[in-house]
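Data first, discussion second: the structure below is written as structure tokens.
Numbers restart at 1 for each chain; the letters A, B, ... are given by sequence-line order, proteins then strands.
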Amino acid sequence: MQIIPCPYCGVEAEETELTYGHEAHLKRVGPDSDAADFEAYMFTRKNPKGVHFERWRHSNGCGKWFLAARHTVTLEVFGTYPAQTTEPPAELVEKIKAKCPEWKGWK
Amino acid sequence: MSEAVSALKGESHTGFATVAEAGLTGMVTIRADLGSKTLADALGPMGLSVPGLRGVVAADGRSLAWMSPDELMLFCGYDEAPKIAADLTAAFGGEHSLVVNVSDMRSLFVVSGAKGDEVLMKLCPVDMATLPQMEMRRTRAAQTGVAFWRSGPGEIRLICFRSVAGYMMGLLEVSSRRGGEIF
Amino acid sequence: MRRYSIFAIAREAMRYHSGWERAWRAPEPKKRYDVIVVGAGGHGLATAYYLGKVHGIKNVAIIEKGWLGGGNSGRNTTIIRSNYLQDASAAIFEKALQLYEGLAKDLNYNVMFSPRGLLMLAQSEHEVRGYKRTVYANALQGIETEWISREQVKDLVPIINIDGPRYPVLGALYQARGGTGRHDAVNWGYARACDAMGMDIIQQCEVTGIRTENGEVRGVDTTKGSIDCGKLAVVVSGHSGVLAEMAGFRMPIESCPLQAWVSEPIKPVIDVVVMANLVHCYISQSDKGELVLGGGIDHPNNYSQRGSWYTLEETTRALVETYPIISRLKMLRQWGGIMDITGDHSPIISKTPVRNMFMDCGWGTGGFKAIPGSGWAMAELVAKGEPGPLAAPFSLERFREGRFIDESVAAGVAH
Amino acid sequence: MSTRLATGGRLIDRSKSLTFTFDGKPMRGFQGDTLAAALLAGGQVLLGRSFKYHRPRGLLASGAEEPNALVNLGRNARQEPDQRVTMTELFDGLEASSQNRWPSLAFDIGAINDKLYKMFPAGFYYKTFMISLGAWAKVFEPVIRRAAGLGNAAKEADPDRYEQAYAFCDVLVAGGGVAGLAAALSEGRAGKRVILMEMTAHWGGRAPVDGGLIDGLSPDDWIAKTLAELRTLPNVRLMERTMVAGMHLHGSIIAYERVADHTPGDGRPRHRLWRVRPGITINAAGATERPLAFAGNDVPGVMLASAVRDYIVNWAVSPGDRVVVVANNDDAYRTALAVLDAGLSVPAVIDARDNVTGVLPMQVKARGVRILEGRGIARVLGRTGVTGVAICAQAGEGGVIETLPCDCVAMSGGWSPNVHLWSHVGGKLSWDADAALFRPDATRPPTGRDGGPIAASVGAANGLLTLDAIAAEAGMSAEVEPEAPLAPVWIMPAGATQALRYKSFLDFQNDVKVSDVELAAREGYTSVEHTKRYTTLGMASDQGKSSNINGLAILSDALGQTIPETGTTTFRPPYNPISFGAMAGEARGELFQPRRRTAMQDWHEAQHYHWEPVGFWRRPYCYPKAGESHRDAVNREIVNTRTNVGVLDASTLGKILVKGPDAGKFLDMMYTNMMSTLPVGKCRYGLMCNENGFLSDDGVVVRLSEDSWLCHTTSGGADRIHAHMEDWLQCEWWDWKVWTANLTEQYAQIAVVGPKARKVLEALGGMDVSKAALPFMGWAEGTLAGLPVRVYRISFSGELSYEIAVPANMGAALWDKVIAAGKAFGMMPYGTEALHVMRAEKGFIMIGDETDGTVIPQDLGLGWAISKKKADYIGKRAQQRSFMVAPDRWQLVGLETLDGSVLPDGAYATAEGFNANGQRNTQGRVTSSYYSPTLKKGIAMGLVPNGPARMGEVLEFPAGDKLFRARIVDPCFYDKEGEKSDV
Ligand SMILES: Cc1cc2nc3c(=O)[nH]c(=O)nc-3n(C[C@H](O)[C@H](O)[C@H](O)COP(=O)(O)OP(=O)(O)OC[C@H]3O[C@@H](n4cnc5c(N)ncnc54)[C@H](O)[C@@H]3O)c2cc1C
Ligand SMILES: NC(=O)c1ccc[n+]([C@@H]2O[C@H](COP(=O)([O-])OP(=O)(O)OC[C@H]3O[C@@H](n4cnc5c(N)ncnc54)[C@H](O)[C@@H]3O)[C@@H](O)[C@H]2O)c1
Ligand SMILES: Cc1cc2nc3c(=O)[nH]c(=O)nc-3n(C[C@H](O)[C@H](O)[C@H](O)COP(=O)(O)O)c2cc1C
Ligand SMILES: [Zn+2]
């Protein structure tokens, strides 16, 4: 059972209180976009074997979506932060860099 | 409104703890900027203030609970809920908010007795030993969403959706059966 | 390759089985191969096998980072059926089923394909409609499958509780030719046959890079050095994203765990395979006696071959409700594999942005049953450079075009 | 002969005698016995048959690792197969029976396999039975299947109760031996929240049997003192009969409490499954003794040395009068001493080592026991029980030097730490060549959510096998006999012949022998994982607790590599099997899943309604009258609704309130239609797509006020659509000022439908429901029959229709009043099936019928509901992709059979020819099909390539041996002008 803290209500929620929302920091691509961009937005996933930025909703809880940086092999949760941002907080990025020197960055 | 009946009409069971549906209860959802002065001003006359993170405050038989960073739940008398909702809506005026009487969509349960915690330990992934008084914990009981708080010594109040009240009572009854004491 | 038979066993019995040869060698990699297949799972091995057998391409290496068959092909619940809804899926799964029916003889390895019959329970009106639709579709696709009544379900599955109480069984989609196979034997049988054709199966050798020149594949870097190739077939299921990344592109795939578990061995209680998609559980009993059980995937991306406990509970609840006698049985072991889930839950057999590099993946929760058909279609794609009719609908372009192959549409069945 | 000793037995209470049966034979035991101890005390040495060869088997062990002595416990609905007798506490009335034998345990036909053992080496089945698929599937496989498996499952549903519980702590200690108790005490004294779990019913683990002094006290005294202190600590919880079953992601722990297995029928739950979230787990699970591989090491009476002394010391049971000890280490000499102390004889200790000089061996020698150095066992004599051992030189090939009569052999090949919990989520091991064991590598622990360690190991589980080492680790002192190093001997004799290797067992339950592992190596199944799967080593219900390391060692030997090079197989939960009942917990029957009930559910139930599951709801499908078929009931409900008036419980429809200055803009994105322009007081049918362009939900949107809308969704869609809205609001357009609230359950909703609907509402009284006051697609608030309501004039059936929303707590009251008021007008309730047919008669689409996740609104002739004015909405971009705008997409049409019969739902229309894969080409399919009692013929809708342009064409739909011919028609079959609803 993975345990992930909700940055909104502070609860150390276990997975059954959460809903997984897949890759984070996707920017919606609208009607006049290029076919490749739209395909990328819809389907082409980062799916790294390593640090992953992803969305979670505290669905059996405060109901808020938040973002998390989690390692897909060790399952370490580096940190969580509110969904209302287009990029991860700088200190989180620094923390991950320090822990995973081989990490190529979140972009 | 004599024709209103709660989902379980006050059903209760006593095992090693007592579990009861509390009957009709007024509930009003408030979605707004919780730092709003208007909100604070509107709550003031009821003796209530905006609770802090996960907090529950109470006054005059009403309680106000923090549900999320932009949502509160006011518990009051069933009959007074429509008016409270209307008054709060009016108080907000044009300020962006949503206040709605939701008294009919949830059921309220009371778990009481010295071993009440053990009932919820069987159902919710919550550290009951460290849950303080008057803290709202939204979580899951077995397979349904709930929220509960310690409302007094040996008393826990719990809400879930009305349609699953029967399921919830089933869970509480089974979990509080004598012989099932954990400690 | 020395042939296996009862007579060979009898002969060997007299000398304590000292004369058996290795089923496959442990060769060092050569400098170059015509085709390198990455991934010695069922799909990779079958690809290599049909490259040799059908297309005469035998200068082939199959490179495996761990032990052959150690991926999903060695950890699945072995359900085999071909009664898929959509034409494209039905075609390839039926091809696979037909090959399975003759596979033991073909490979001279008893893969224990067991056409014991497979049921998919309908427990809502919606499922009834979906499965009936599948029956009609299958009839036109040349696939035998039938709708059976709840009484017939009870006859086939005496331990089932068809009367609910929650979701009474309304009937089932039944494929008598469906069943199970011995997953390890499928991998081993293909491996032995590939080896016998002179192909090199190189285990404990991880591909760490893909070398390209002018957009065309040249070879791979591995933990045992660089190896050149004419063509590259990447067949690594959950790791497809990782390999694509090495070649500089991304896949419409997410990797997450699927778990399975077995009970302690008991005398036979269920002779068929039963899937219940509404409550989400499936069950069969292996020839050794353990109940083989599974349900849904864990969604969070995860490469660890371990899933979350609650998924087991969820499925076990459904199992106990549907087959009440299992309540007093015990779980012996649980495990997980890394799924490769695509945007439409259907597989990919496709060219890639890199010339002469091909991918076969995305089989997700249901690719064991596809192994021979997928290998067949992939071999054709690799050999000819263009997909044949089996593979064509499964190309990567479909995501851009919106031409999805969605199997879950009728009654929510993804595998 | 095994028997009960006259004195001793630290765990039994001789004053409490219990009776039980084995294979129907009445037997006796004492309170405190395990079933194993009681059976052995009663002289029952033969306890089971092995899996493959049906060889007679007795007890190997005294604990969780027992591979042989599995029995069926209980009977009828309470029958439980494969129960380890070593883990079963005896209770009065216990019934046990042996397994995997026929006709009886003593005489078992299946043992013929043992005679043919040479034909059945590992994996023989892969090499044969290939004549034909038919022969395999019809002949060979059924034979194999019948032979396989061990016990029998019950035939009835389990009457017992199970439950689950959550616990949180700083430190979870797994195992209540000396190491676990000491760890719990030190953590407890430090003020940590500690849970200590012990799988058996008693504390202290091995130490009381093995002896020594801890802090100057005997183990029993030390344990009592420690427990006493632990019990005073409020922050420490001690749990007996609770096995830590597994470590899972992020260090969460699953534990299995056998609450009432030993007190059946006392009303308590049988098992309780614990889900624990500890800060750290200390693995103090001890170690497991390894057998030695020699020919006949599986004959009943050959036991682990530690088990022999356990039976003697703990339960006062002598496993035999003459016990030969065979070992490669000093610890086993404790068994010789225990046997001697019990007044029994030890004909010899056979030690594989050459120079045996240790303290313990010398003590044994001093008591007159022969110690045969550098010796091994060539073979065990006896079949259903040990009669003696043939002794050989360990260095040789098995030439017999002498034969010793005996009735029990106590063997010890050293110990393996129980590292399972450490390894479940990836803690690494390192090989200790001196002690010949894998121990947890503290530098590579399993890690948790913060990347830090989530487990630690202590005691024997940490590879510390002696009491002084364990005590030192825990900061205590201990006195115990020092032990000389063991010799890493795995097989006896070292050069055993093939004949011997074919009888030297590694995995007892699965009958895997030394020869099998060697065969796997020879055939190239050289990865330890291949060997495991090829031979089934370690795959039995004991999961190789005693056999795995021996197997690895043999494999390493065969491959000429070191044991760490070979490595271990993967450790997977659970540590020991746990019941599915516990895993399901309370979730069975009514509590299997939440059952959602509307405010009117009691009423429906009282009508003996026929229901269907819709999500977690149970909706009335129809209300059959006595003697009426479901079909007839549906037809009656439809006809009555179309001619008189019907009433439907529509409470399950989703109702989402959307409010705010940007709500209109937001809904314009959510729906394909323009919702911002909907006038206050009006309703509009709306469509929602997902970002992939596919139609995902529909429903009526109501403009409540300038800044609020109420969105109705499908019954199944309420939660999903609300979550979908919140997703976009929180994650994409977080600067938009919109609040949502899912009010689905706030209202009960009652649809009054049919030509006389208005009369019913008028009879209820309280508001003006005339066409003028409340026109079609309008809504109004007011009271009906004295209850506060909101009434929508929307129609899904094509009839005059009112949907009345009332606060849910008043739903039942209003429903009763509606039913009463409707009586005069012939009103009847109708269910979901009538609803479906009526909407199909009107050509209205149904989410889930006409849509299946591949259909876009444009396919359904719903282009009118897609605003051309909007630059964007969810799904718009996707609908521009090439396949979605292709000219030959399958589109909605009506279908009418030429003979009025009902088209089969889901049938496909054939087209000329076959596709490249040899499949028949198709041109369309039926999406809904019904008998229309209104039109008295079959009606259907379907999707046909370019369908609307092909009106009048006749298509062929084969179905089984029938062929249906149907004409393409307009999908609306009833009141095309919509006059009936707008009255
Ligand atoms: C629990 C579970 C139950 C399932 N149940 C069923 C079922 O009942 N029926 C069914 O049809 N399907 C089922 N499946 C799905 C099925 O197992 C898979 O779809 C199928 O086995 C995929 O085969 P594969 O050959 O593509 O992949 P795999 O067998 O996973 O093989 C891929 C191989 O690639 C190797 N690899 C990865 N990266 C590299 C690298 N860099 N270098 C070299 N090698 C690499 C891996 O080690 C692996 O051996 C189940 C799966 C699981 C996990
Ligand atoms: N001299 C030797 O060669 C040798 C070898 C092994 C053990 N020993 C002796 O054994 C003792 C070791 O002490 P220890 O405390 O480390 O181990 P222990 O074996 O005494 O205690 C382990 C305890 O853990 C319990 N347990 C095991 N798995 C469990 C699980 N998953 N969940 C809950 N409980 C579980 C067991 O029932 C047992 O009571 C010492 O007395 C030591 O001298 C000696
Ligand atoms: C169909 C099937 C049947 C299995 N039966 C058993 C079994 O009887 N005993 C056992 O220990 N494991 C059994 N397993 C599980 C394997 O031991 C192993 O856990 C699984 O293949 C995954 O590998 P891993 O645990 O080494 O990662 C079975 C697996 C499958 C796929
Ligand atoms: Zn939260």
Measuring only between side-chain heavy atoms, which start at C-beta, is [X] closer than 4.5 Å to [Y]?
X        : Y        : value
D/Asn917 : C/Lys95  : no
C/Ile266 : D/Asp82  : yes
C/Pro168 : D/Trp611 : yes
C/Trp188 : D/Glu523 : no
C/Lys288 : D/Asn510 : yes
D/Arg595 : C/Arg166 : yes
C/Trp309 : D/Leu273 : yes
C/Gln305 : D/Arg572 : yes

Practice item. Applying side-chain contact (heavy atoms from CB on, under 4.5 Å), run through C/Ser327 and D/Arg588 and close with a yes or a no. Key: CA-CA 10 Å; C/Ser327 171; D/Arg588 49 181 67 205; 3.1 Å; yes
Contacting region of [X] [heavy-atom separation from chain D under 4.5 Å]:
X        : answer
C/Glu401 : both
C/Asp271 : both
C/Leu390 : both
C/Thr315 : neither
C/Ala137 : both
C/Asn108 : both
C/Leu293 : side chain
C/Ala392 : neither
C/Glu94  : neither
C/Arg116 : side chain
C/Tyr100 : neither
C/Gln123 : backbone
C/Ala90  : both

Most chain D-contacting option - heavy-atom pairs closer than 4.5 Å, from [options]:
options                                : result
C/Ala8, C/Ser18, C/Gly388              : C/Ser18
C/Glu314, C/Arg306, C/Arg317, C/Glu12  : C/Arg306
C/Met331, C/Arg192, C/Gln141           : C/Met331
C/Phe7, C/Tyr323, C/Tyr167             : C/Tyr167
C/Ile325, C/Leu332, C/Thr316           : C/Leu332
C/Asp287, C/Leu278, C/Asn302, C/Asn161 : C/Asp287

Could you tell me which non-hydrogen atom of [X] sits nearest to which non-hydrogen atom of [Y], and how far apart they are?
X        : Y        : answer
D/Phe883 : C/Gly402 : CD2-O, 3.2 Å
C/Ala23  : D/Tyr525 : CB-OH, 3.8 Å
D/Pro958 : C/Leu140 : CG-CD2, 3.9 Å
D/Gly853 : C/Asp406 : O-OD2, 4.5 Å
C/Pro268 : D/Ala148 : CD-O, 4.4 Å
C/Phe404 : D/Met884 : CE1-CE, 4.2 Å

Practice item. Please report the C-alpha distance between D/Arg925 and C/Tyr136 in whole Å, then the side-chain angles of each, then the deciding distance to 0.1 Å, and finally whether the side-chain contact (heavy atoms from CB on, under 4.5 Å) criterion is met. Key: CA-CA 9 Å; D/Arg925 64 179 174 89; C/Tyr136 297 124; over 6 Å; no
Check your understanding: Hey, what's the ring geometry for C/Tyr16 with D/Tyr502, parallel, tilted or perpendicular (30° and 60° as the breaks)?
Key -> tilted
Verify, without hydrogens or angle tests, whether [X] (side chain) and [Y] (backbone) share a donor-acceptor contact under 3.5 angstrom.
X        : Y        : value
C/Lys267 : D/Gly149 : yes
C/Arg328 : D/Ala153 : no
D/Gln919 : C/Asp87  : yes
D/His530 : C/Leu68  : yes

Check your understanding: Relative to chain C, which segment of D/Phe914 carries a heavy atom at a distance below 4.5 Å: side chain, backbone, both, or neither?
Key ->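 Answer is neither: D/Phe914 stays 4.5 Å or more from chain C.
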Using a 4.5 angstrom heavy-atom cutoff, name the option from [options] with the most pairs to chain C.
options                                : answer
D/Val614, D/Thr851, D/Thr922, D/Thr570 : D/Thr570
D/Glu156, D/Met539, D/Met583, D/His248 : D/Met583
D/Leu150, D/Leu519, D/Asn921, D/Asn576 : D/Leu150
D/Lys118, D/Arg920, D/Arg145, D/Gln83  : D/Arg145
D/Gln99, D/Gln879, D/Arg618            : D/Arg618
D/Thr832, D/Thr854, D/Asn692           : D/Asn692

Point to revise | Donor + acceptor pair across side chains of D/Tyr621, C/Glu125 (<3.5 Å) | key: no
**Study point:** C/Glu264/D/Arg84 under salt bridge (charged side-chain N to carboxylate O under 4.0 Å, His left out): CA gap, chis, key distance, verdict
**Key:** CA-CA 12 Å; C/Glu264 293 183 307; D/Arg84 286 159 185 67; 3.4 Å; yes
**Study point:** Derivation and outcome, side-chain contact (heavy atoms from CB on, under 4.5 Å), residues D/Phe140 and C/Asn110
**Key:** CA-CA 12 Å; D/Phe140 301 125; C/Asn110 191 352; over 6 Å; no
Exercise for review: Flag the pair D/Trp136 / C/Phe113 as yes when their ring centroid distance falls below 6.0 Å, and as no otherwise.
Suggested key: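 Ring-ring flag for D/Trp136/C/Phe113: false, centres at least 6.0 Å apart.
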Practice item. Verify the ring-centre separation between D/Phe571 and C/Trp335: is it less than 6.0 angstrom? Key: no
Review point. Under a 4.0 Å N-O cut-off, is there an ion pair linking D/Glu141 with C/Arg182?
Key: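 Salt bridge flag = no for C/Arg182 with D/Glu141.
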Point to revise | Salt bridge present between D/Arg275 and C/Glu313 (N-O < 4.0 angstrom) | key: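 Yes, this pair counts.
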Check your understanding: About how many Å separate NE2 of C/His17 and OG of D/Ser515, when rounded to the nearest 0.5 Å?
Key ->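 The NE2 atom of C/His17 is 8.5 Å from OG of D/Ser515, to the nearest 0.5 Å.
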**Study point:** Test applied, salt bridge (Lys or Arg N to Asp or Glu O under 4.0 Å); reference residue, D/Asp905; option that passes from C/Arg133, C/Lys132, C/Arg129
**Key:** C/Arg129
